[in-house]
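This report concerns only the one structure given below.
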Amino acid sequence: MSSLYLVIAFIVFSCNAFQFQNHHTKFTSTTIPKQSTSRCMSSNDYDSQESSSTSQLQTKTQHPDVICWTKTLQESPNSFVHPSIELTLRPPSEGGTGLIATAAIERNTKVLSLDVDEVPVIDAESFFRRYDEYSGKDDEDDEVLKMLAKIWRGGSDAYDSLDKATLKRDRKMMMNSRGTKDDVMTGILAHLTLTRYRDLSPHCNNNRPNEGSFILKESRRLGHFLDSMPLFPNLNYSGRHDDGLGQHPFPSHFVYWKETEQSKLLKWTLAGSFAVKELRVPRDCIRMWYDVFLKEHPGLVLTDVINAVESAFATSMSRAFGKFPNDFDLDGEGEQAQQFQVLVPLVDKMNHASDRKDVNLVYQSPIFKQEDERKCRAKGERVTFDLFTVQDVQAGDELFTSYGEEKKDFIFACNYGFVNTSPERTACSGIPILPRFLELDPDNNSDAKLDLRVMKQWNGITKAIDAAVNAVRRDKDSEFPYLIIPISPLESSVPRYRPTCQIETKLGSGREALYHQKATIQSILPAFRAAANALAQLKYNYQNGVNAPVKLKNMVLAAALKDSSTDWDMEALKLMHEGITERIQCLSDVGAESEAWLKRVGVHSIEEREIRANMARDIRASEIEVLEALDAVVLEWQQGAVGY
């Protein structure tokens, strides 16, 4: 059953942009078609085509992905890869790294198996277990490890070593945000990255890490895996991501968008709103951690810490699998999925197939659930991460998996740096609950209007709508908050915010998609019935000279369809149609505005900008597509053509 997700959010663009590696960009406007295998280069015949600055530090056979692939298999005697599977290397704009078949492979064939006790898997749980078991003495004063360990274990004094006078408010914010455990993987990766950089960089000869320290030992043990991920600083790139130097391996991820690109290209989109919320996490981590990191990494500067934290956050978002303590849905979302992130080498090279029929690879492992892993170990069985084909694969085909058909499209954009454009997918948008203006006496040709763009006008009404929906909803454990989005940009230079339902539904041409779309409309109908009743009360009060607030009781009766004086379903559908029309127009307006900005600055002047511009177009098109699909059902219902 499709469900309604509604959250409090404000579409505001601020702070730094970020960056990332786009190894998940299949089937978007920024990547090569699936059949362009002639442009692929296997790990056996890879001929380096990187920039001159990079080629100075890498030979033709020393690409980080090639080294990680080779070394991981060499150092794990109980792991194997099918002889017909090879690593393919492409620029990020052409699909990035992937897996291809050099010969035909039958379905139900295990093509890769990794022994998780032998390969360099990274997760906080095992990391801190090794830290506790380590007998070295050089880590007694490692403030970063001590801080991260306390956060992971839920210690309330995790930040006690920080300057309370200046960070008291930030500490409270961190403790009450999406959850401090979520950020531990970011901290671990950042610490490992800076340690490895200091260990290998010729610029750090006088500031090497302490020999024998746990973090240095771990950075060397995990070295090949770390080098294959888009972590900064590294030997090839240590500058700021917005200094114009070098080519970014993940140009489409929101972490690496410039602030102006965020504000101009993602303006007032659902993905933009979600990105702003998510990108607060690395900024908060930097603000909380930078002095501790600088203390542990002498000779480095704030820019290095920023690069390390941002790239670590982006890596964990796009590459980590969820490790669950119980039977949660394996969709990579939710608090539990964030708390138990795990990074696995080689399998992070799998690309996503937006079209379900192109999925030819699935993965399975007991590590996804702690209970399964415990049972496996209790039986003395090896704990593995396995890849299986689910259909016949031909020579030259790329192996694709699915990152989750149930994932929302804006989650794809924020996590993986591309928009899921499959004809059959889960898509989201927002529908304004109230109109911009309410004509109070239209029957008498009155010009009297109520400006519902102003918060003081709609704030009380939306609270009443919330209360009415809460009174009639069947699931008393669910909540009905609101997503807030601005009005159309062409109406005001000052962003204004209005209550809007964030909707989620399935897209597609089959019965299942239509069923989900109907269910989505039904799930938000109580809110629109209550809103229509509130608007009717406002009109009545004005026309009869009544100076009184709207009555909640009447709104509850309308929301529950217990007021037979009016067909509140038809009134709600009319209001919904108006909201959908307005939202589509808003997205079209900001699209035109974005194109005008791109024309002024030159979309082709920066390669990354062209990639981001195409991604922004996909984001707006996806929202418009789901709105048009729902509007078609709304109009059919109004005309009596849809049965409920």
Side-chain angles (χ1 to χ4, degrees), residues 18-26 31 63-65 67-69 72 87-90 92 95-99 112 114 116 119-127 182-193 196 222-232 234 248-256 278-279 281-282 307-324 330-333 337-353 361-363 365 367-368 385 387 399-404 407 411-418 420:
F18 301 74
Q19 51 182 192
F20 224 64
Q21 176 164 6
N22 192 1
H23 67 291
H24 299 306
T25 53
K26 271 328 227 194
T31 60
H63 189 282
D65 288 338
I67 295 174
C68 180
W69 181 270
T72 298
L87 189 69
T88 177
L89 303 171
R90 297 168 297 222
T97 306
L99 304 179
L112 184 127
L114 299 177
V116 300
V119 300
V121 172
I122 305 175
D123 71 282
E125 186 179 21
S126 59
F127 180 87
D182 299 4
D183 310 320
V184 172
M185 179 67 86
T186 294
I188 291 173
L189 284 178
H191 198 21
L192 288 168
T193 298
R196 184 155 181 80
L222 301 166
H224 301 317
F225 190 22
L226 294 171
D227 294 342
S228 72
M229 292 187 281
L231 297 168
F232 301 100
N234 57 47
H248 304 313
F250 203 160
S252 62
H253 197 278
F254 292 151
V255 169
Y256 297 139
E278 286 296 293
L279 295 182
V281 175
N307 276 340
V309 172
E310 290 177 348
S311 63
F313 170 77
T315 297
S316 64
M317 282 184 69
S318 69
R319 298 188 174 213
F321 295 90
K323 187 173 183 177
F324 297 82
L330 300 180
D331 60 1
E333 299 180 48
Q338 295 289 342
Q339 286 186 1
F340 296 91
Q341 292 176 323
V342 55
L343 290 161
V344 184
L346 308 192
V347 296
D348 63 342
K349 310 306 178 189
M350 296 184 296
N351 282 323
H352 170 77
L361 195 66
V362 295
Y363 53 87
S365 174
I367 69 171
F368 292 133
F385 194 112
L387 303 184
L399 276 72
F400 291 107
T401 189
S402 172
Y403 293 172
K407 274 193 177 76
I411 295 292
F412 267 91
C414 292
N415 285 8
Y416 306 122
F418 71 95
N420 186 4

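- With sequence neighbours excluded, the residues forming a ring-ring contact (aromatic ring centres under 6.0 Å, His included) with F412 are H352, Y416, F418, listed by chain and number.
- Here OG of S228 is found 10.5 Å from CG of L222. Values are rounded to the nearest 0.5 Å.
- Contact detail for G417 and S252: the closest heavy-atom pair is O-OG, 2.5 Å.
- Checked by atom type, the side-chain pair T186/D183 shows no donor-acceptor distance below 3.5 Å.
- In terms of modelled atom types and a separation under 3.5 Å, the side chain of T72 and the main chain of W69 share no donor-acceptor contact.
- Side-chain atoms of F385 and V347, non-hydrogen and from C-beta on, do get closer than 4.5 Å to each other.
- If you take CZ on F254 and CG on L279, they are separated by 8.0 Å, rounding to the nearest 0.5 Å.
- Relative ring orientation between F368 and F321 is described as tilted, the plane-to-plane angle lying within the 30° to 60° band.
- Taken to the nearest 0.5 Å, the OG1 atom of T97 stands 5.5 Å off from the NE2 atom of H63.
- Rounding to the nearest 0.5 Å places CD of E278 at 7.0 Å from CG of N415.
- Contact record, C68 with F225: SG-CA, 3.8 Å, taken as the closest heavy-atom pair.
- Side-chain contact check for L87 versus D65: some heavy-atom pair is nearer than 4.5 Å.
- For the atom pair CG of L226 and CD1 of I122, the computed distance is 5.0 Å after rounding to the nearest 0.5 Å.
- The shortest distance between side-chain heavy atoms of M350 and L99 falls below 4.5 Å.
- Scanning for side-chain contact (heavy atoms from CB on, under 4.5 Å) contacts around A308 gives A190, L194, P233, with sequence neighbours left out.
- With rounding to the nearest 0.5 Å, the separation of OG1 in T193 from CD1 in I188 is 11.5 Å.
- Contact detail for K349 and R319: the closest heavy-atom pair is NZ-NH1, 3.6 Å.
- With a 4.5 Å cut-off on side-chain heavy atoms, V342 and V121 count as touching.
- Without hydrogens or angle criteria, H224 side chain to P64 main chain gives no donor-acceptor distance under 3.5 Å.
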task = In sequence, state the C-alpha distance, the side-chain angles, and the governing distance for V344 and I367, and then conclude on side chain to side chain contact (heavy atoms under 4.5 Å, CB included).
result = CA-CA 11 Å; V344 184; I367 69 171; 4.3 Å; yes
Side chain to side chain contact (heavy atoms under 4.5 Å, CB included) between D123 and L343, intermediate numbers included = CA-CA 6 Å; D123 71 282; L343 290 161; over 6 Å; no
